[in-house]
Amino acid sequence: MNILTLLPFIVLIGAMFLMTRSAKKKQHAAAQMRDQMQPGTGVRTIGGLYATVKEVNHDTVLLEAAPGVHLVFAKNSIGAVLDDEEYNRLVHGEGDLKADGPIVPDDASSLTEAADPSDDAKIDLGKKPESDDAEPEDTEAADAEPKDAEAKNGKADGETDAK
């Protein structure tokens, strides 16, 4: 057998080995993070619930989401173990918020600035009535459909034959 025919298989096996190795590293790091949980630690679940760890068992964790509200979660459902500073900032709103850009206001009225308040003319968005003396732009389309087609059918705009 030629080495060139085996080369694609060797590359494929090597790529699979590297992918499984990185996945195992991620699983090991997540398991270490979950093992660091102690009572009193702030955590975020994979569903986005922020809570404080009350008790750690073999496969489950008892969390306190609010005073007097205790929840039992699987250990695998813990997404992140947070340090005290980050947990207090997120849950209790303590600490300084660092805003890099401009702060966006709650209402959009301050985003649109008019140069002069008198320039805020009202715009009429309704249909304008067609005048009888207006000449249609497309004469072929005007010849194909007579002006009194509505009178022949007995139907006005939007009416159908459905009963």
Side-chain angles (χ1 to χ4, degrees), residues 1-130 137 155-163:
M1 253 187 163
N2 191 359
I3 189 78
L4 292 176
T5 57
L6 293 176
L7 188 63
F9 295 112
I10 294 171
V11 170
L12 182 64
I13 291 171
M16 289 175 53
F17 173 74
L18 291 176
M19 285 190 286
T20 57
R21 184 174 175 198
S22 66
K24 284 185 181 183
K25 281 185 179 181
K26 287 180 184 178
Q27 287 177 348
H28 181 67
Q32 275 187 330
M33 181 230 8
R34 290 184 190 109
D35 289 338
Q36 292 175 356
M37 285 188 298
Q38 299 173 357
T41 307
V43 294
R44 182 184 67 234
T45 65
I46 58 174
L49 176 78
Y50 292 94
T52 305
V53 176
K54 286 296 176 185
E55 184 180 313
V56 180
N57 298 322
H58 180 65
D59 288 334
T60 60
V61 180
L62 181 67
L63 301 177
E64 184 177 33
V69 179
H70 294 92
L71 307 166
V72 178
F73 276 82
K75 247 187 181 179
N76 293 339
S77 66
I78 303 301
V81 177
L82 307 172
D83 59 351
D84 290 337
E85 181 181 322
E86 184 179 5
Y87 180 76
N88 289 332
R89 182 181 61 81
L90 291 170
V91 176
H92 303 296
E94 297 174 2
D96 295 333
L97 293 176
K98 298 171 185 152
D100 295 336
I103 297 174
V104 179
D106 288 341
D107 62 342
S109 63
S110 64
L111 296 176
T112 57
E113 297 178 13
D116 186 11
S118 63
D119 290 344
D120 294 338
K122 295 192 180 212
I123 299 172
D124 183 21
L125 297 176
K127 280 188 171 180
K128 294 183 180 177
E130 292 183 24
E137 292 177 306
K155 297 182 227 174
D157 284 342
E159 291 183 1
T160 62
D161 291 332
K163 293 182 181 179

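A quick note: this is a predicted structure, and the numbers were derived from the prediction, not measured.
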Quick check on side chain to side chain contact (heavy atoms under 4.5 Å, CB included): which of N76, V81, V56 does R34 satisfy it with?
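Option passing the side chain to side chain contact (heavy atoms under 4.5 Å, CB included) with R34: N76.
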
Please list all pairs passing the side-chain hydrogen bond (donor to acceptor under 3.5 Å, both in side chains) test where one or both residues lie in residues 58-70, with sequence neighbours left out.
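Every side-chain hydrogen bond (donor to acceptor under 3.5 Å, both in side chains) pair that includes a residue of residues 58-70, provided the two are not neighbours, is K54-E64, N57-T60.
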
side-chain hydrogen bond (donor to acceptor under 3.5 Å, both in side chains) partners of [X], counting only residues at least two apart:
X	answer
T52	Y87
E86	none
S77	none
K75	none

Can you measure from CG (L7) to CG (L12) and round to the nearest 0.5 angstrom?
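It comes to 11.0 Å.
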
Under 3.5 Å, which donor-acceptor pairs link side chains of residues 14-32 to any protein atom two or more places apart or in another chain?
| from | atom 1 | to | atom 2 | distance (Å) |
| --- | --- | --- | --- | --- |
| T20 | OG1 | M16 | O | 3.1 |
| T20 | OG1 | F17 | O | 3.0 |
| S22 | OG | M19 | O | 2.9 |

Restricting to non-hydrogen atoms, name the atom on A65 and the atom on A51 that form the minimum distance, rounded to 0.1 Å.
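Residues A65 and A51, closest heavy atoms: CA-CB, 4.0 Å.
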
Min side-chain heavy-atom separation M37-I78 under 4.5 Å
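Counting from C-beta outward, M37 and I78 do come under 4.5 Å.
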
L90 side chain near L82 side chain, heavy-atom distance below 4.5 Å
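L90 vs L82: side chains touch.
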
Name every donor-acceptor pair, under 3.5 Å, that has one atom in a side chain of residues 40-48 and the other anywhere in the protein, sequence neighbours excluded.
| from | atom 1 | to | atom 2 | distance (Å) |
| --- | --- | --- | --- | --- |
| T41 | OG1 | Q38 | N | 3.3 |
| T41 | OG1 | Q38 | O | 2.8 |
| T45 | OG1 | G47 | N | 3.4 |
| T45 | OG1 | G48 | N | 3.4 |
| T45 | OG1 | L49 | N | 3.0 |

Please evaluate residues L71 and L62 with respect to the criterion side-chain contact (heavy atoms from CB on, under 4.5 Å), reporting the C-alpha separation (whole Å), side-chain torsions for both, the decisive distance (0.1 Å), and the verdict.
CA-CA 6 Å; L71 307 166; L62 181 67; over 6 Å; no

